[in-house]
Amino acid sequence: AAGVIQSPRHLIKEKRETATLKCYPIPRHDTVYWYQQGPGQDPQFLISFYEKMQSDKGSIPDRFSAQQFSDYHSELNMSSLELGDSALYFCASSSRTSGGGETQYFGPGTRLLVL
Amino acid sequence: DAKTTQPTSMDCAEGRAANLPCNHSTISGNEYVYWYRQIHSQGPQYIIHGLKNNETNEMASLIITEDRKSSTLILPHATLRDTAVYYCIVRGIYNQGGKLIFGQGTELSVKP
């Protein structure tokens with residue numbers, strides 16, 4: 001079965017640079033979530049989109065922005081990168097039209113290293 | 001969403017059943033219990049979820065107590081590849097935002 005696709009899988013940036021992470025949800029999924037996982041930490045929710053509209057927001061820095069496009073893929077844009085942004089970034093997708101509790105399926109993640 | 005409490009770590013012998021407990025004493029009537037696991041630095045993997053009835057799928061069984069204040073994830077025949085951090089997450093139905101709040105989780109080590 002098709003899974004969530006994230007690109008790139010690895011990314012190395014310098015401080016103050018920008019980065020764009022992409023997420024391609026499972027076909028026919030209408031909701032995308034972004035999570036950040038720092039070294040030795042648990043995943044933390046950043047932001048989510050449902051039908052191309054922002055649906056929830058977590059502890060996402062103002063330097064980060066995201067959107068969901070008409071084809072349901074999503075991009076997380078990160079500017080003025082800091083050393084502390086080095087982390088794994090996961091995207092998850094789900095379908096809110098499914099019954100019995102919506103289930104999120106995660107992608108493999110993008111490992112961002114800021115030098 | 002209700003908070004969960006899990007043991008920090010557990011060991012299990014290969015081939016034996018792994019029983020991972022979770023307490024969620026403040027769970028409300030419209031909240032599901034979800035289990036995910038994360039194998040080192042990979043994306044969290046969905047295992048199973050339930051509302052009040054016990055559930056079973058090809059990966060595991062979920063036993064929820066009658067008062068819904070605790071649950072147990074059962075991996076019937078643990079293998080070395082089941083070594084991972086297991087997260088028990090209580091989450092409201094999707095129209096309440098939908099985000100998953102990951103707590104500490106249980107680090108399960110399956111040993112030969």
Side-chain angles (χ1 to χ4, degrees), chain A residues 1 3-6 9-10 21 23 25-26 29-51 53-60 86-113, chain B residues 1 3-6 8-9 22 27-60 62 64 68 71 84-107:
Chain A
V4 176
I5 297 172
Q6 291 188 246
R9 293 292 310 278
H10 303 272
L21 279 55
C23 169
I26 292 170
H29 278 192
D30 49 28
T31 306
V32 167
Y33 302 82
W34 286 96
Y35 294 83
Q36 177 191 57
Q37 185 173 27
Q41 298 180 1
D42 303 306
Q44 298 293 316
F45 170 73
L46 290 178
I47 195 167
S48 63
F49 293 87
Y50 167 62
E51 284 290 346
M53 299 288 288
Q54 181 180 307
S55 56
D56 197 4
K57 197 171 182 179
S59 303
I60 183 170
S86 295
L88 277 165
Y89 291 83
F90 293 108
C91 171
S93 75
S94 69
S95 170
R96 292 199 181 185
T97 58
S98 63
E102 171 205 1
T103 298
Q104 294 180 32
Y105 296 92
F106 284 76
T110 293
R111 183 178 293 277
L112 172 66
L113 178 61
Chain B
D1 295 327
K3 188 175 179 180
T4 63
T5 305
Q6 300 177 248
T8 303
S9 63
C22 179
I27 193 170
S28 63
N30 66 350
E31 290 181 320
Y32 287 86
V33 179
Y34 281 80
W35 284 84
Y36 281 80
R37 73 180 181 184
Q38 186 175 29
I39 298 169
H40 181 63
S41 294
Q42 296 181 21
Q45 178 187 22
Y46 166 76
I47 302 173
I48 199 167
H49 74 281
L51 186 60
K52 53 184 176 182
N53 298 321
N54 297 337
E55 302 287 344
T56 295
N57 63 20
E58 64 279 2
M59 288 184 69
L62 173 61
I64 302 174
R68 301 186 71 240
S71 61
V85 177
Y86 287 76
Y87 294 98
C88 169
I89 301 170
V90 169
R91 177 169 163 267
I93 60 177
Y94 58 80
N95 62 7
Q96 296 178 359
K99 62 180 177 283
L100 294 173
I101 300 174
F102 289 82
Q104 174 185 283
T106 295
E107 189 165 1

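The chains referred to below are lettered A, B, ... by the order of the sequence lines, with proteins before strands, and numbering in each begins at 1. Here the structure is a predicted model, which means the values were calculated and not measured.
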Part of B/Gln38 within contact of chain A (heavy atom distance under 4.5 Å): side chain
Using a 6.0 Å cut-off, check whether atom CD of B/Glu107 has over 12 heavy atoms from anything other than its own residue. no
Let's test your reading of the structure: which of A/Pro108, A/Gly58, A/Gly107, A/Pro43 forms the most heavy-atom pairs below 4.5 Å with chain B? A/Pro43
Quick check on the interface: out of B/Gly43, B/Pro44, B/Ser41, who has the most heavy-atom pairs with chain A under 4.5 Å? B/Pro44
When you compare the side chain of B/Tyr87 with that of A/Asp42, does any pair of heavy atoms fall below 4.5 Å? yes
What heavy-atom pair brings B/Lys99 and A/Phe45 nearest, and what distance separates the two atoms? CD-CD2, 3.3 Å
Could you work out, with side chain to side chain contact (heavy atoms under 4.5 Å, CB included) as the rule, every residue matching A/Gln36, not counting sequence neighbours? A/Leu46, A/Phe64, A/Ala87, A/Tyr89
List the steps and the verdict of side-chain contact (heavy atoms from CB on, under 4.5 Å) for B/Leu100 and A/Tyr33. CA-CA 9 Å; B/Leu100 294 173; A/Tyr33 302 82; over 6 Å; no
At a heavy-atom distance under 4.5 Å, which candidate from A/Arg111, A/Gln37, A/Gln41 has the highest pair count against chain B? A/Gln37
